[in-house]
Chemist: 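Below is the structure I would like to discuss, written out as structure tokens.
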Amino acid sequence: MKKLISLFIVSGILFSCNESDDNNEVTNELDGQWNLVSVSCFCEPINLENGEHLWSFDINNSELIVVNNVTEPLHTLLETGTYDITVVNNNVTIQSVEYDYYFENGKLYLADNPESDGPLITFVK
């Protein structure tokens, strides 16, 4: 059988739909595991290697699972644990902080007013 792959936007969120004889699945591009690689703000920048700080977004259960493998205490990094999240349009709220999120060149960006000294957090798959 032919496999139909399509992209569509609902309420400003990019979704993908894979349709086949076996299943019909809709997912948000934010969903899944991301490696935090940098945080920039009016603070000392943070640059990390893949695997040091992992964020797994579970959109269906409104959860973010963080694995922090960084040994030294750094500002703005979440501790290992599970956090409640809310995703609406292109915004995700984590610990009462609302971030705009967007994708560019295969990277995920979370922004909390970086033009006013808020953090810009960069992730790769």
Side-chain angles (χ1 to χ4, degrees):
M1 279 275 158
K2 292 182 182 177
K3 190 172 191 178
L4 173 68
I5 298 175
S6 59
L7 296 177
F8 57 96
I9 297 178
V10 176
S11 298
I13 300 176
L14 177 65
F15 290 87
S16 64
C17 179
N18 296 327
E19 184 180 309
S20 68
D21 292 338
D22 300 325
N23 65 3
N24 201 6
E25 184 179 299
V26 176
T27 57
N28 180 307
E29 192 176 3
L30 181 63
D31 215 30
Q33 183 172 287
W34 293 89
N35 289 277
L36 189 152
V37 292
S38 71
V39 179
S40 57
C41 56
F42 191 65
C43 53
E44 185 176 337
I46 296 175
N47 294 299
L48 301 173
E49 300 293 325
N50 283 354
E52 286 188 298
H53 203 75
L54 303 170
W55 289 29
S56 295
F57 290 92
D58 182 347
I59 303 303
N60 292 330
N61 292 311
S62 299
E63 290 182 336
L64 168 65
I65 300 164
V66 174
V67 176
N68 183 357
N69 295 313
V70 178
T71 55
E72 61 187 84
L74 297 171
H75 61 83
T76 69
L77 292 185
L78 293 175
E79 294 296 320
T80 295
T82 302
Y83 299 86
D84 293 330
I85 61 171
T86 304
V87 178
V88 178
N89 297 324
N90 286 351
N91 299 62
V92 59
T93 302
I94 306 165
Q95 290 193 314
S96 73
V97 177
E98 186 176 299
Y99 298 91
D100 298 324
Y101 74 87
Y102 60 94
F103 303 91
E104 191 173 287
N105 299 322
K107 294 180 181 179
L108 163 64
Y109 295 90
L110 297 184
D112 178 24
N113 297 311
E115 65 280 356
S116 299
D117 192 28
L120 177 62
I121 308 169
T122 306
F123 300 83
V124 297
K125 276 284 186 176

Chemist: Do you know the tightest heavy-atom contact between K125 and Q33?
Modeler: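 For K125 versus Q33, the nearest heavy atoms are CD-O, 3.3 Å.
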
Chemist: For V87, which of L64, V92, T93 qualifies under side-chain contact (heavy atoms from CB on, under 4.5 Å)?
Modeler: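 Running side-chain contact (heavy atoms from CB on, under 4.5 Å) over L64, V92, T93 with V87 returns exactly one hit, V92.
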
Chemist: With the side chain counted from C-beta on, respond yes when E79 and V66 share a heavy-atom pair under 4.5 Å apart, and no when they do not.
Modeler: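 Sidechains of V66 and E79: no contact.
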
Chemist: Mind checking the CG-CG spacing from L110 to L120? Nearest 0.5 Å is all I need.
Modeler: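 If I round to the nearest 0.5 Å, the distance is 8.5 Å.
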
Chemist: Is N69 reaching over with its side chain to a backbone N or O of G51, donor-acceptor style, under 3.5 angstrom?
Modeler: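 Looks like yes, one N/O pair under 3.5 Å.
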
Chemist: Could you walk me through whether L77 and L36 satisfy the side chain to side chain contact (heavy atoms under 4.5 Å, CB included) test, starting with their C-alpha distance in whole Å, then the side-chain angles of each, then the deciding distance to 0.1 Å, before giving a yes or no?
Modeler: CA-CA 9 Å; L77 292 185; L36 189 152; 4.2 Å; yes

Chemist: Under 4.5 Å between side-chain heavy atoms, counting indirect links through other Ile/Leu/Val/Met/Phe/Trp/Tyr residues: same cluster for Y102 and V88 or not?
Modeler: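 Per the 4.5 Å side-chain linkage, Y102 and V88 are not co-clustered.
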
Chemist: Counting C-beta onward and ignoring hydrogens, is there a side-chain heavy-atom pair between L108 and L30 closer than 4.5 Å?
Modeler: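 A side-chain contact exists here, since the closest heavy-atom pair is under 4.5 Å.
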
Chemist: Which of these, N89, N90, N91, sits in a side-chain hydrogen bond (donor to acceptor under 3.5 Å, both in side chains) with D100?
Modeler: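 That would be N91.
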
Chemist: Any idea how F57 and W55 line up, ring-wise: parallel (<30°), tilted (30 to 60°), or perpendicular (>60°)?
Modeler: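 The rings of F57 and W55 sit tilted, inter-plane angle from 30° to 60°.
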
Chemist: Counting C-beta onward and ignoring hydrogens, is there a side-chain heavy-atom pair between W34 and I121 closer than 4.5 Å?
Modeler: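 No, too far: nothing below the 4.5 Å cut-off.
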
Chemist: Can any side-chain N or O of D58 pair as donor or acceptor with the backbone N or O of N61 at less than 3.5 Å?
Modeler: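 Answer holds: yes.
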
Chemist: Which atoms form the tightest heavy-atom contact between L78 and H53, and what is the distance?
Modeler: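 Closest approach of L78 to H53: O-CE1, 2.9 Å.
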
Chemist: Any side-chain heavy atom of V37 sitting closer than 4.5 Å to one from K107?
Modeler: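 A side-chain contact is absent here, since even the closest heavy-atom pair is not under 4.5 Å.
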
Chemist: Using only atom types and a distance under 3.5 Å, with no angle test, would you say the side chain of D31 pairs donor to acceptor with the backbone of I59?
Modeler: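 Looks like yes, one N/O pair under 3.5 Å.
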
Chemist: When rounded to the nearest 0.5 angstrom, what distance separates CD1 in I85 from CD in Q95?
Modeler: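 So the gap between those two atoms works out to 12.0 Å.
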
Chemist: Kindly indicate whether the side chain of Y99, heavy atoms from C-beta on, has any atom under 4.5 Å from the side chain of I94.
Modeler: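 Yes, at least one pair of side-chain atoms sits under 4.5 Å.
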
Chemist: Considering the options I46, T122, N47, which one meets the side-chain contact (heavy atoms from CB on, under 4.5 Å) requirement together with V39?
Modeler: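 Result: among I46, T122, N47, I46 is the only option passing the side-chain contact (heavy atoms from CB on, under 4.5 Å) with V39.
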
